[in-house]
Colleague: 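Have a look at this one before I ask anything.
From a predicted model like this one, the values you see are computed outputs, not experimental measurements.
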Protein chains: 2
Amino acid sequence: MVASMATKGERTREKMLATAETLVLSKGFAATSLDEILRATGSTKGAFFHHFKGKADLAQALVERYRRNHAKLFERLVAEAEAKHADPLDATMHLLKRFEALIQAQSKPLPGCVFAAATHEGGQFDTTLRDRIADSLRRWAALYEGKFDAVLSRYEPSLPIAAKELAEMIVAIIEGGLILSRSYGDAHLVARQSRQFRNYLSLLFADRQPRIAA
Amino acid sequence: MVASMATKGERTREKMLATAETLVLSKGFAATSLDEILRATGSTKGAFFHHFKGKADLAQALVERYRRNHAKLFERLVAEAEAKHADPLDATMHLLKRFEALIQAQSKPLPGCVFAAATHEGGQFDTTLRDRIADSLRRWAALYEGKFDAVLSRYEPSLPIAAKELAEMIVAIIEGGLILSRSYGDAHLVARQSRQFRNYLSLLFADRQPRIAA
DNA sequence: AAGCAACCATACCGTCCGGTCGGTTACCGG
DNA sequence: CCGGTAACCGACCGGACGGTATGGTTGCTT
């Protein structure tokens, strides 16, 4: 038994989560029935209710799973970028470029973001899940914010700017870009928008003016 | 009988659409039942099916209504901006600032965008409605694109840029900003992000370098 | 090999939801 | 005042959905 496939139960649970995610991202959570998920995975009610307390529990598990995968991916990209560039600005640029390359490689538009989906249907979830989603988005932005903090502590921007604003901007651009990308069927729209954001950064720090200690 | 209240039927229909919109924006379309809408408006099944063929028809009507209102608002803002500024860059900046002021005036986060909601639950709608939504988003972007075209035909940007990219960028920023704004409960996030976009524009056209005819 | 838990299949239940339909009231031209 | 139509009501239906109960099967441990 290979370690990667874990136990049988974990594999079916993962399969359910994966197919549920694609269905939810295409039709929405409420419009996705349990039977539909089970038909797609080839299992039954018994299996589902063995792994999840109910549909609400599935929603929470979906968010948690997405959160982990998302965090893991970005930590990998950040590590790679910082290994290659000592300068914080270069590292951030590299991070964005790697991200764009990942999207550009896909021929179809990305299926969407679970956080955005959950936010949109948020009214049917309880407060703790909504808080968890907001926290996930904040952590994502905070990851960028840390990078921009490093950049701002070294270089003087050509316009007064806060790291948090830049972090929220790239997250907003990606989330909004995903919506347009899906609606248009344009697989490369998000990458194009990320490039625009890089443009903004390169104009903000065009001359790499070193910050003067007060 | 005042002209503004139109016929009785039109008023109840409008009331249904308005309450349906708020419900849909907070819980999603599939999770919003007809009974819920009717309870909120104080009318009944009979009234609903007199005005709409079914729930799918309601969805289409919601999109169409939002589309009209949205277009009307922006045409008003554009007209106001162009009346005040002959220069296309100044007019565009004014347009964005007016938009920010509108958002800033609200104390609660905007309820969301029907286009984004519909895109997110798109899998449950038919192709014609999905196309209609994509078209609505494109028209919105095209409205901005026209303005940026005017700017680019007069001024040389400090980085090579297409009007379409800028147009898609502000739309993406607003859509993404709305998601973050709702999830965080931060009413001013969208306006802050619009200001970032204005920053980008002001850096792109900082010196107002006039375009040289080739 | 026995036993025990984890895992999964199936039949079934109560409820809610979209939709239908026969009927009633409000309005309006003639 | 009358006829007709737009507007509206509310009981009802069939089906789908989330959830449960129960029994069977697999696989790990000792």
Side-chain angles (χ1 to χ4, degrees), chain A residues 1-21 23-24 26-63 117-118 121 123-126 129, chain B residues 1-21 23-24 26-63 65 117-118 121-126 129:
Chain A
M1 181 74 89
V2 189
S4 76
M5 61 175 18
T7 72
K8 179 100 184 299
E10 284 171 12
R11 273 189 294 131
T12 58
R13 184 189 147 98
E14 165 60 23
K15 191 173 184 181
M16 283 179 184
L17 285 170
T19 59
E21 181 176 301
L23 283 173
V24 165
S26 86
K27 322 193 341 168
F29 181 76
T32 303
S33 72
L34 296 187
D35 291 321
E36 207 175 349
I37 298 171
L38 297 172
R39 215 179 309 131
T41 63
S43 38
T44 61
K45 283 280 177 71
F48 179 84
F49 280 91
H50 172 74
H51 288 289
F52 305 100
K53 286 182 206 161
K55 210 191 178 188
D57 189 41
L58 171 70
Q60 177 161 348
L62 277 176
V63 168
E121 299 192 68
Q124 57 187 303
F125 303 136
D126 60 352
L129 182 54
Chain B
M1 181 75 89
V2 188
S4 77
M5 62 173 21
T7 70
K8 180 103 183 299
E10 283 170 13
R11 271 189 295 130
T12 58
R13 184 187 148 101
E14 165 62 23
K15 191 173 183 180
M16 284 179 184
L17 285 170
T19 60
E21 181 176 301
L23 283 173
V24 165
S26 86
K27 324 194 338 166
F29 181 76
T32 303
S33 72
L34 297 187
D35 290 319
E36 208 175 349
I37 298 172
L38 297 171
R39 214 180 310 131
T41 62
S43 39
T44 61
K45 282 278 177 70
F48 179 85
F49 281 91
H50 172 75
H51 288 289
F52 305 99
K53 286 182 205 161
K55 211 191 178 188
D57 189 41
L58 171 70
Q60 176 161 349
L62 277 176
V63 168
R65 186 186 109 104
E121 298 192 68
Q124 58 185 304
F125 303 135
D126 61 351
L129 181 54

Colleague: Would you jot down, in residue-number order, the residues of residues 31-40 of chain A having a non-hydrogen atom under 4.0 Å from DNA chain C?
Modeller: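 Result for residues 31-40 of chain A: none.
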Colleague: Extract all donor-acceptor atom pairs below 3.5 Å that involve side chains of residues 28-35 of chain A and protein atoms in other chains or at least two apart in sequence.
Modeller:
unit_1: A:Thr32; atom_1: OG1; unit_2: A:Gly28; atom_2: O; d: 2.7
unit_1: A:Ser33; atom_1: OG; unit_2: A:Glu36; atom_2: N; d: 3.1

Colleague: Looking at every heavy atom in both B:Phe52 and B:Asp57, which two are closest together, and how far apart are they?
Modeller: CA-OD2, 3.4 Å
Colleague: Under 4.0 Å, heavy atom to any atom of DNA chain D: which of residues 51-59 of chain A qualify?
Modeller: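 Under 4.0 Å from DNA chain D: A:Gly54, A:Lys55.
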Colleague: Tell me the interatomic distance from A:Lys27, atom NZ, to D:dA16, atom C1', rounded to whole angstroms.
Modeller: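 Nearest whole value for this atom pair: 12 Å.
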Colleague: To check you understand the geometry: which heavy-atom pair defines the closest contact between B:Ile37 and B:Met16, and what is its length?
Modeller: CG2-O, 4.1 Å
Colleague: In Å, rounded to the nearest 0.5 Å, how long is the span from OG1 of A:Thr19 to CD of A:Glu14?
Modeller: 9.5 Å
Colleague: Counting neighbours of NZ on B:Lys55 that are heavy atoms of other residues, nucleotides or ligands and sit closer than 6.0 Å, is the number greater than 12?
Modeller: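 Enclosed.
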Colleague: Quick one: which of B:Glu21, B:Lys15, B:Arg13 gives a side chain to side chain contact (heavy atoms under 4.5 Å, CB included) with B:Leu17?
Modeller: B:Arg13
Colleague: Can you list, by residue number, the residues of residues 41-50 of chain A that have a non-hydrogen atom closer than 4.0 angstrom to DNA chain D?
Modeller: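 Residues of residues 41-50 of chain A under 4.0 Å from DNA chain D: A:Lys45, A:Phe49.
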Colleague: Which residues satisfy the side-chain hydrogen bond (donor to acceptor under 3.5 Å, both in side chains) test with B:Thr12, sequence neighbours excluded?
Modeller: B:His51
Colleague: For a 4.5 angstrom cut-off between non-hydrogen side-chain atoms, does A:Phe48 reach A:Thr41?
Modeller: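 Heavy-atom side-chain distance check fails, nothing below 4.5 Å.
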Colleague: At less than 4.0 Å, is any side-chain N or O atom of A:Thr12 found next to OP1 or OP2 of C:dC8? Yes or no.
Modeller: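 Result: yes.
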Colleague: Kindly give the heavy-atom pair with the smallest separation between B:Phe49 and B:Gly54, and that separation in Å.
Modeller: CE2-CA, 3.9 Å
Colleague: Could I get a table of every N or O pair under 3.5 Å where one atom is in the protein and the other is in nucleotides 2-4 of chain D?
Modeller:
none

